[in-house]
A.B. asks: 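What follows is a structure written as structure tokens; I'll ask about it next.
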Amino acid sequence: MNIMLFHSIYGLRPAVRDAADRLRAAGHEVWTPDLFEGHTFDTVEDGRALNEKIGKEELLKRAVLAAAPYSERGLVYAGFSLGASVAQTLALGDEKALGLLLLHGTSDIAANASVDALPVQLHVAEPDQFETDDWLSSWYLQMGRAGADVEIYRYAGAGHLYTDPDLPDYDEEAAEATWRVALGFLETL
């Protein structure tokens, strides 16, 4: 499977590269574009400051340019938190998308979004301050109306970015469970 994996608000950190290596070890081809052009951060606030400076339109432009050379092959879009939001936007706009793997995040859905039974898997903490229960219920219904086939996995007690071992949110048990389920999902595509 060809996977385009987008980083979180912290930038292209070792956890993203490690995740890509894990996916490659399972036989997938993986690209990890650096939407922040080399900048990485230790705090959400610093990452947000750069993200706001870049702007949503420019960030999506960078993501589209990164994915474009590979999209003809059919991609699974994947991402962490902010990167999940980017991945979702690209997958819903790419008629050749093969799947969508969201780790720790979602995004708004355009009213006219339409896909043909796009397989989607979401992994989030429970509770998650950025992905509240009300938001996730609404998101799930909207994705269904858009034509996506959605699975949601919640991890009680985990922090928002619980798969990144270099962050305080890290939860080894939840992270390993996430990767087990996600790798199984990718095998079905």
Side-chain angles (χ1 to χ4, degrees), residues 1-13 16 19-20 23 28-37 39 44 47-124 128-132 134-153 160-161 163 178 182 185-186 189:
M1 199 60 47
N2 297 309
I3 302 170
M4 186 64 54
L5 179 63
F6 295 102
H7 61 75
S8 75
I9 199 83
Y10 291 94
L12 187 56
R13 293 163 47 93
V16 179
L23 294 167
H28 304 289
E29 192 162 354
V30 184
W31 297 273
T32 55
D34 187 350
L35 303 179
F36 286 177
E37 299 178 331
H39 298 282
V44 170
R48 275 194 190 137
L50 179 64
N51 187 44
E52 288 172 11
K53 180 179 177 185
I54 293 170
K56 184 176 182 177
E57 189 173 312
E58 176 62 23
L59 193 73
L60 287 174
K61 178 182 172 186
R62 291 176 184 184
V64 167
L65 289 172
Y70 311 103
S71 63
E72 285 299 314
R73 303 179 187 190
L75 286 170
V76 172
Y77 292 91
F80 296 94
S81 194
L82 169 69
S85 173
V86 170
Q88 177 186 305
T89 300
L90 268 60
L92 292 178
D94 181 353
E95 63 187 28
K96 293 184 180 181
L98 301 175
L100 177 59
L101 176 60
L102 303 171
L103 302 163
H104 321 293
T106 60
S107 184
D108 294 329
I109 301 163
N112 63 347
S114 178
V115 293
D116 186 17
L118 179 71
V120 178
Q121 194 174 85
L122 169 64
H123 297 266
V124 291
D128 187 311
Q129 71 269 29
F130 302 110
E131 302 291 326
T132 65
D134 288 346
W135 167 258
L136 287 175
S137 294
S138 174
W139 176 86
Y140 178 83
L141 292 172
Q142 291 176 53
M143 286 294 280
R145 280 194 292 273
D149 181 13
V150 179
E151 300 176 332
I152 298 177
Y153 293 85
H160 176 67
L161 270 167
T163 59
T178 295
F185 168 69
L186 293 168
L189 303 179

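All values below come from the heavy atoms of this structure, side chains included, with hydrogens, waters and symmetry mates left out.
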A.B. asks: Find the distance between CG (Leu75) and CD1 (Ile3) and round it off to the nearest 0.5 Å.
C.D. replies: 9.5 Å
A.B. asks: Supply the atom-to-atom distance Gln121 CD to Glu151 CD, rounded to the nearest 0.5 angstrom.
C.D. replies: 5.0 Å
A.B. asks: Have Glu37 and His39 got a donor and an acceptor in their side chains that come within less than 3.5 Å?
C.D. replies: no
A.B. asks: At their closest point, which heavy atom of Leu12 faces which heavy atom of Thr32, and how far apart are they?
C.D. replies: CD2-O, 3.6 Å
A.B. asks: Ser107 and side chain to side chain contact (heavy atoms under 4.5 Å, CB included): which partner among Thr89, Leu102, Val86?
C.D. replies: Thr89
A.B. asks: Among Glu131, His7, His160, which residue meets the side chain to side chain contact (heavy atoms under 4.5 Å, CB included) test with Ser81?
C.D. replies: His160
A.B. asks: Mind listing the closest non-hydrogen atom pair of Asp94 and Ser71 along with its distance?
C.D. replies: OD2-CB, 3.7 Å
A.B. asks: Less than 4.5 Å apart, any side-chain heavy atom of Leu90 and any of Met4?
C.D. replies: no
A.B. asks: Please report the shortest heavy-atom distance between Ala97 and Leu118, naming the atom on each side.
C.D. replies: O-CD1, 3.7 Å
A.B. asks: Do Tyr10 and Val16 come within less than 4.5 Å of each other through their side chains, counting heavy atoms only?
C.D. replies: no
A.B. asks: Would you mind telling me which of Leu23, Val76, Leu101 makes a side chain to side chain contact (heavy atoms under 4.5 Å, CB included) with Leu5?
C.D. replies: Leu23
A.B. asks: Indicate yes or no: at least one non-hydrogen side-chain atom of Met143 is less than 4.5 angstrom from one of Leu92.
C.D. replies: yes
A.B. asks: Quick test of your reading of the model: are Lys61 and Glu57 salt-bridged, counting only N-O distances below 4.0 Å?
C.D. replies: no
A.B. asks: Looking only at atom types and distance, does a side-chain atom of Ser138 sit under 3.5 Å from a main-chain N or O of Trp135, one as donor and one as acceptor?
C.D. replies: no
A.B. asks: For Tyr153 and His123, take the angle between the two ring planes, folded into 0 to 90°, and tell me which bin it lands in: parallel under 30, tilted 30 to 60, perpendicular over 60.
C.D. replies: parallel
A.B. asks: Distance from Ile9 atom CD1 to Leu161 atom CG, nearest 0.5 Å?
C.D. replies: 10.0 Å
A.B. asks: Where do Leu82 and Ser8 come nearest, in terms of heavy atoms and distance?
C.D. replies: CB-C, 4.2 Å
A.B. asks: Answer whether the closest heavy-atom distance between the side chains of Ile109 and Gln88 falls below 4.5 Å.
C.D. replies: yes
A.B. asks: Quick one: are Leu50 and Phe36 in side-chain contact, heavy atoms under 4.5 Å?
C.D. replies: yes
A.B. asks: About how many Å separate CG of Leu136 and OG1 of Thr106, when rounded to the nearest 0.5 Å?
C.D. replies: 6.0 Å
A.B. asks: Less than 4.5 Å apart, side chain to side chain, heavy atoms only: is that true for Val115 and Leu100?
C.D. replies: no
A.B. asks: Could you list all the salt bridge (charged side-chain N to carboxylate O under 4.0 Å, His left out) pairs where at least one residue sits in residues 68-85, not counting sequence neighbours?
C.D. replies: Glu29-Arg73, Glu72-Lys96
A.B. asks: So which atom in Arg62 and which in Leu35 form the shortest heavy-atom distance, rounded to 0.1 Å?
C.D. replies: NH1-O, 2.7 Å
A.B. asks: Are there more than 12 heavy atoms of other residues, nucleotides or ligands under 6.0 Å from atom OH of Tyr140?
C.D. replies: no
A.B. asks: So, for Gly105 and Leu122, which heavy atoms are closest and what is the spacing to 0.1 Å?
C.D. replies: O-CD1, 3.6 Å
A.B. asks: Roughly how far apart are Asp134 CG and Trp139 CH2, rounded to 0.5 Å?
C.D. replies: 15.5 Å
